[in-house]
Each structure stands twice: as C-alpha cells, then as structure tokens.
Colleague: 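Dropping the structure in here first, questions after.
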Amino acid sequence: MNMSLSIIVPCFNEEAVIDESYKRISRVLSEMKYLSEIIFINDGSYDKTEQILSSIAKTDSRVKVISFSRNFGHQQAVTAGLNHCFSDMAVIIDADLQDPPELIPDMIRTMNDTGAQVVYCVRKQRKGEGFFKKITAKWFYRMLNSLSEIKLPVDTGDFRLLDKSIIREFNKLHEKGKYIRGLISWIGFKQVPYYYERDPRFAGETKYPLSKMLKLATTSMLYFSTKPLRIATTIGFLSVILAFGLTIWFVLGKILGFTHADTGWTSLFVLITFLGGVQLITIGIIGEYVGNLFKEIKNRPEYIIQKKENFGDDPEKEI
Ligand code: UDP
Ligand code: MG
C-alpha cells in the first residue's frame, strides 16, 4: 500500500520565499515514493502571497491552498492545515526555509526505524538570528518547562513529522488558544528528537515580532500550567508570614523599647508598595486566566476560511 504524506506550510506575507520553498519541497517530494500533497495556508497575507500560491496551485494539483479571511496567526494556520490533512503522515514546516525540507526523507526514516509517532526537530544551532531572539527563546523554553505540568522538549519549533494517530488526536482538541508543540507533547505516544542546524531565513523578514512572541509565550504558559496561580498564592503566604513576624517584632519592640517604630516612614513605604505590587500582579494573573476562559467560552472559530483551492470535494473535518 502506498503511504501518503502532507506537507503543511503556513505563510504570512511570504512573497519573497514561496516560489523557492515550493521548488525545494516539491523536489524532495518527487524523490520519494509517497502520494504527496503540499497544503499552503495563506494566513491573511496582504502582499503577493495569495497570487503566487494560486498560480502554483493551477500548475500543480498536489498543491492545495487555504486562504484565511484575515491574519489569524501561525498556530491557527498550522491547525487549519492539520484539520484538512487526511494523510498517513504530515510534516509541519515554515515557509521561510529555515527548516530545510531536504531533511524530510531522513525524518521519515527515523520514524520508521524507531517506531515513533512523532519526530520533532531540535535546533542544534540557529544561524542568522539575532542575539536577542536567541537569548529570549532559550530563556523562554527553560522557564516554560519549569512552570509546565508536562515535560515540553526545549529548543524545538513546530518543524516535525507526525503520523496519522497524532493528527487524529490533535484534530479532536477543541481549545482555541493553541500552543501546538506543547499539545503534541501532551498527546503522548512515542516521540523522538531529530537534531538539525537551523538555517537563516531565505528572504524577507521575521513575521514574529515581539508582540506575537509574547502572545505565544503567554498562551503556552497559561494553557499548560496553573503554576502561576500557585506562585501568587505562595507569595501571598510569604508576605503574611513576613507581616506576622514584623508585627511581633515591632509590638514587642515598642513595649520593651528596642525599636523606634514611629520613625519608620521608610518601612511603611516599602511594605505598602510591595504588597500593592503583589496584589496587582496576583489580580493580573487571575485576570489572564479569566480572559482565556472568556475567550474559550465564546467559542468562536479559530480561523475563518475565505477560499480553498485544489481541495476538490474532500470532506472537511468537523472542527
Ligand atoms: N506565520 C503565519 N502567521 C503569522 C506569523 C507567521 O502563518 O501571523 C508563518 C510564517 O509565514 C512562517 C512561519 O509562520 O512560515 C514562521 O514565521 P517566521 O519565520 O517569521 O518566524 P521566526 O522563524 O522568525 O520565529
Ligand atoms: Mg522563520
């Protein structure tokens, strides 16, 4: 039986790289024996991405295109790709060729050799990325892991190979705030790392400004852990203990005459600002969780599709 393979490529304003990534991916696919397709998700691009993808789809029926009605975000684009994937295996890959498509055959080999359901790519080295991006990414993955209730592999992006059982389980998840690499870890089964060197972006600029990075970071933290709440409680307890100790110390000091509490403007000032800060942070953390509950409860779709190309009459998965 011939196995089938889908390549899922999210694109947001990638006019400078699409042609090249299509060429490299399709060269890799034509050297393999699988029935294959490339699903490009045009995440509300406002450059020429849509036209370029349409013209590729017209010449190559293996290329499917999903266009969103606006920019919904990278994680939503990948989700849409997986929702429309019916193959035995799928690879999630960025459009900018930072993750070399030439590794795909070897990733499949690793999957076959190890009998794993997921082969996730771990970056040994990141070329062509700024110091700030590297240091924040490194710091972020370590912190997330210490907060998270399940173990999330560090230094991995969404570049990975999934088999059918993972795709099926992923498509059953209904949460709106998606942190895909975390969810895939959470699904379980056998998952093995694959080490590679990350190339610099082929052309164009990063589509992940600091604001999007922070959004992804908060989603991953809040959806994978309730530890921030516990940290808030712990700080609360510590302040109470501190306050209790200070109270005893100052009351006794006043009675026995070893403190001069009435001259203590500074200590009052420090305590009030400290406790005020702790309370605001705690309310903020609770607020973030409540906000996410609100978002989930509204139950809006994760993305809206404006146009699909080359899908024929494929049934769409219920989402
Ligand atoms: N992307 C997307 N929607 C967005 C932002 C990014 O579909 O809102 C895509 C982008 O086109 C690329 C991938 O997500 O294929 C990763 O983005 P990028 O390479 O800019 O991120 P970086 O590698 O700099 O973290
Ligand atoms: Mg990139």
Side-chain angles (χ1 to χ4, degrees), residues 6-25 38-53 56 63-84 90-101 103-104 120-141 144 154-160 176-181 196-220 302-307:
S6 299
I7 312 291
I8 295 171
V9 196
C11 310
F12 175 50
N13 291 346
E14 299 285 13
E15 60 181 7
V17 303
I18 294 236
D19 270 322
E20 184 67 16
S21 34
Y22 164 67
K23 269 189 217 135
R24 277 179 57 184
I25 295 172
I38 312 176
I39 306 180
F40 284 103
I41 301 94
N42 168 24
D43 182 13
S45 307
Y46 42 79
D47 64 355
K48 295 224 167 55
T49 300
E50 187 175 343
Q51 289 91 310
I52 300 174
L53 286 176
I56 298 176
V63 172
K64 298 181 172 179
V65 182
I66 300 171
S67 285
F68 284 176
S69 61
R70 64 170 172 86
N71 178 236
F72 279 90
H74 176 210
Q75 301 291 295
Q76 283 62 35
V78 174
T79 303
L82 287 168
N83 290 157
H84 290 80
V91 171
I92 304 170
I93 191 167
D94 286 354
D96 60 358
L97 295 169
Q98 280 192 287
D99 311 319
L103 300 178
I104 294 171
Y120 59 92
C121 296
V122 184
R123 303 154 181 164
K124 276 197 294 204
Q125 213 185 0
R126 293 164 156 243
K127 293 185 212 151
E129 283 177 307
F131 174 74
F132 179 73
K133 174 110 190 184
K134 283 188 200 165
I135 197 87
T136 45
K138 187 170 173 158
W139 178 80
F140 164 70
Y141 285 120
L144 180 60
V154 294
D155 296 332
T156 63
D158 285 323
F159 183 33
R160 56 189 63 215
K176 310 291 172 194
K178 283 214 167 65
Y179 179 61
I180 293 174
R181 45 204 105 147
Y196 78 114
E197 293 197 2
R198 198 162 205 231
D199 289 334
R201 186 174 242 285
F202 174 73
E205 285 170 4
T206 176
K207 306 297 172 318
Y208 257 95
L210 188 62
S211 56
K212 280 190 182 165
M213 270 163 64
L214 284 177
K215 191 165 166 239
L216 185 68
T218 21
T219 307
S220 59
E302 280 169 88
Y303 52 82
I304 292 172
I305 296 176
Q306 186 171 359
K307 197 168 82 181

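Read the numbers this way: they start at 1 and go in the same order the structure lists the ligands and their atoms.
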Colleague: Can you confirm, on distance only, whether ligand 1 has an N/O atom lying under 3.5 Å from any N/O atom belonging to A77?
Modeller: no
Colleague: Residue-level breakdown please: for H74 versus ligand 1, do any non-hydrogen atoms fall below 4.0 Å on the side chain, on the backbone, on both, or on neither?
Modeller: both
Colleague: What are the atoms of ligand 1, with element, lying closer than 4.0 Å to any heavy atom of P10?
Modeller: 7 (O), 9 (C), 10 (C), 11 (O), 12 (C), 15 (O)
Colleague: Is it the side chain (CB and beyond), the backbone, both or neither of K215 that lies under 4.0 Å from ligand 1, heavy atoms counted?
Modeller: neither
Colleague: May I ask you to establish whether R198 and Y196 are in a cation-pi arrangement, using a distance under 6.0 Å from NZ or CZ to the six-membered ring centre and at most 45° from the ring axis?
Modeller: no
Colleague: Distance only, no hydrogens: is a donor on one side chain within 3.5 Å (strictly under) of an acceptor on the other, for Y179 and D158?
Modeller: no
Colleague: What does the angle at the Mg ion (ligand 2) come to, between atom OD2 of D96 and atom OE1 of Q98, rounded to 10°?
Modeller: 100°
Colleague: Heavy-atom pairs closer than 4.0 Å: do any link ligand 1 to the side chain of A95, the backbone, both, or neither?
Modeller: both
Colleague: How about H74 and F12: are their ring centres within less than 6.0 Å of each other?
Modeller: no
Colleague: Consider every N or O of K212 and every N or O of ligand 1, then say whether any pair is closer than 3.5 Å.
Modeller: yes
Colleague: Does Q75 have a heavy atom less than 4.0 Å from any atom of ligand 1?
Modeller: no
Colleague: Taking the ring centre of each residue, are F159 and Y120 less than 6.0 Å apart?
Modeller: no
